[in-house]
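Both backbone and side-chain heavy atoms feed into the values below; hydrogens, waters and symmetry mates do not.
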Amino acid sequence: MKKWIATVYAIFCTLLMVAGFAVAFIFAWNVGTKQVLSFLVGMLASFIVTPIVHEFGHLAFLTANKMECAYIKCFCFKQYIKNGKKRFGFASPFRADETQAIPKTGGNMKKRALAYTVGGLIFSGILLGLLVAAALTCTLLNATIFALWGAVPYAAYIFLLNVAPLEYASGKTDALVYRGICKGEPAETVMLSAMEIQGQLYSGKSFAEIDESLYFDLPQLCEDEPLYAVLLDLRYRYYLEKNELEKAADCLNRLVQAQAYLTDVEIEKIAAELTYMHALNGDLERAEESGKLCRNFLKEDTATAKRILAAYSSAFGKTEAVAPLLAQANECLQNERILGVKRFEELLISRI
């Protein structure tokens, strides 16, 4: 769908929200100061509660469908996983809210993904319905609660934005992803395949043990599609485990070519794996160049970082550093929740 339609629709939803706030404020102003304060409290509460309810809808449905929450951000709060442990923190309230899931098992992925995708819409719709019903009931009983009317416009805004199958600058709406899964669109087809791979990894299969059709029998995606990079990364690890280094390097090179569409964190991870590959191939000059681009990543206390540093040290003849780094890598693996990834890293470590 053309992007101008999404822009026009977003503007329409914004104007509708502003109009709703204006009408509620005017009515509150005509009644009294306490009512105005009640309206403002409801409006501010809605800014906080509405995104939390929406993302918790995704969270509830992913949990019910044997998935783990890898990352959730709603309003100014976030939960993420670092070094195998769940952590909580604060995030900018102006960043897009999102929830990322990791399947714990494979199988029946389409149905599970549909449920996870629609969970936010269901919770948002319930919240909006309850607010409108409560506000109308109180008003009809001549006991108007302006806090309720103050909360309605933003709740309606969030619901209407996501219920339309559109793609905004921040990404696709829940409805568009849902439709893509139902219709078997290329991006959603790749997404389901990636989720199936992740589910099997979580259950204990390593990358090379998973059916290769999940990596390759898929539609071609454009470089600017986020799942393009996800799929190439999975293929890279598949080839790396099979020790087909030339094909693994090709996947990395294609990721480098698409770096204009990647985040700084993703680019640093690619540079780290390039450092590893150059070290394995004995290309010390390129290994050093790539290593300079991922210094922060290599400072992290992760098995991947220690494994890359060990390969780098071995390539440069720093044999005294290899054993301690490998020991640290194995220690870090004790916190790895995804069994398939743990087995994958153990195999790579054993080759150094």
Side-chain angles (χ1 to χ4, degrees), residues 70-71 78 80-87 89 100 102 198 201 206-207 226 229-230 232-241 243 245-352:
Y71 176 84
K78 67 178 179 179
Y80 57 101
I81 296 175
K82 185 175 182 180
N83 297 337
K85 297 180 180 179
K86 290 187 177 181
R87 303 175 187 273
Q100 299 173 6
I102 300 176
Q198 290 173 336
L201 285 169
S206 62
F207 290 94
V230 171
L232 276 179
D233 182 74
L234 291 172
R235 287 177 177 175
Y236 162 71
R237 296 174 193 283
Y238 173 83
Y239 284 131
L240 194 58
E241 183 176 340
N243 211 25
L245 300 185
E246 188 173 336
K247 292 181 178 179
D250 179 64
C251 290
L252 281 182
N253 290 332
R254 290 170 66 187
L255 282 169
V256 170
Q257 293 170 7
Q259 63 181 314
Y261 307 105
L262 303 178
T263 65
D264 291 341
V265 173
E266 290 170 331
I267 292 173
E268 193 169 13
K269 288 181 179 178
I270 294 169
E273 293 297 341
L274 281 170
T275 303
Y276 175 70
M277 291 294 291
H278 291 319
L280 290 183
N281 293 325
D283 191 336
L284 304 186
E285 183 178 351
R286 289 187 177 180
E288 188 171 7
E289 290 176 358
S290 299
K292 292 177 181 178
L293 301 175
C294 57
R295 288 174 177 171
N296 291 331
F297 180 88
L298 296 179
K299 290 178 182 177
E300 295 179 1
D301 193 24
T302 65
T304 301
K306 302 304 180 184
R307 179 249 299 171
I308 293 171
L309 286 172
Y312 183 88
S313 298
S314 178
F316 278 83
K318 300 178 182 178
T319 54
E320 71 284 353
V322 175
L325 286 168
L326 293 180
Q328 292 171 25
N330 282 310
E331 185 177 349
C332 291
L333 282 178
Q334 303 308 309
N335 294 323
E336 179 59 60
R337 307 168 341 281
I338 304 175
L339 297 179
V341 172
K342 182 178 181 180
R343 292 181 58 203
F344 167 76
E345 288 291 346
E346 286 174 342
L347 176 63
L348 297 187
I349 289 170
S350 70
R351 291 175 179 173
I352 299 174

Would the distance check show the side chain of Ser314 and the main-chain N or O of Ala311 forming a donor-acceptor pair, the cut-off being under 3.5 Å?
no

Search all heavy atoms of Ser206 against all heavy atoms of Arg343 and return the closest pair with its distance.
N-NH1, 3.9 Å

Run the salt-bridge test on Arg307 and Glu273 with the 4.0 Å N-O cut-off and return the result as yes or no.
yes

Scanning both residues in full, the closest heavy-atom pair of Leu298 with Gly291 reads CD1-O, 4.4 Å

Would a distance-only check, ignoring hydrogens and angles, find a side-chain to backbone donor-acceptor pair under 3.5 Å from Asp233 to Ala229?
no

Got Leu293 and Leu274 here, is their nearest side-chain heavy-atom distance under 4.5 Å?
no

Stepwise side-chain contact (heavy atoms from CB on, under 4.5 Å) test for Arg254 and Arg235:
CA-CA 11 Å; Arg254 290 170 66 187; Arg235 287 177 177 175; 4.2 Å; yes

Taking all non-hydrogen atoms of both residues, which atom of Ala287 and which atom of Phe316 are closest, and how far apart?
CB-CE1, 4.4 Å

Between SG of Cys251 and NZ of Lys247, what distance do you get to the nearest 0.5 Å?
9.5 Å

Validation row: Val322, Ser313 side chains within 4.5 angstrom (heavy atoms):
yes

Note, Arg351 side chain near Leu348 side chain (heavy atom, < 4.5 Å):
yes

Looking at side-chain heavy atoms only, is the closest gap between Thr304 and Tyr276 below 4.5 Å?
no

From Tyr71 OH over to Ile102 CD1, what is the distance, rounded to the nearest 0.5 angstrom?
14.0 Å

Heavy-atom distance under 4.5 Å between the side chains of Asn281 and Arg286, does that happen here?
no

Closest non-hydrogen atoms of Ile267 and Gln259, given as atom of the first, atom of the second and distance, are CD1-O, 3.6 Å

How far does CD of Glu331 sit from NZ of Lys306, to the nearest 0.5 angstrom?
9.5 Å

Heavy-atom check, side chain of Leu255 versus side chain of Glu266, under 4.5 Å:
no

Rounded distance [0.5 Å steps], CG in Leu245 versus CG in Asp250:
12.5 Å

In terms of heavy-atom contacts, Glu241 and Phe207 come closest through OE1-N, 3.0 Å

With a 4.5 Å cut-off on side-chain heavy atoms, are Gln334 and Lys342 touching?
yes

Does Glu246 have more than 12 heavy atoms from other residues, nucleotides or ligands lying within 6.0 Å of its CD?
no

Approximate separation, where rounding is to 0.5 Å, of Glu288 CD and Tyr312 OH
4.5 Å

Hey, are the side chains of Phe297 and Ile308 touching, using non-hydrogen atoms and a 4.5 Å cut-off?
yes

d(Ser290 OG, Glu268 CD) to nearest 0.5 Å is 12.0 Å

Check the pair Leu325, Ile352 against side-chain contact (heavy atoms from CB on, under 4.5 Å), reporting the backbone distance first and the verdict last.
CA-CA 11 Å; Leu325 286 168; Ile352 299 174; over 6 Å; no

Which pair of heavy atoms, one from Cys294 and one from Thr275, lies closest together, and at what distance?
SG-OG1, 3.7 Å

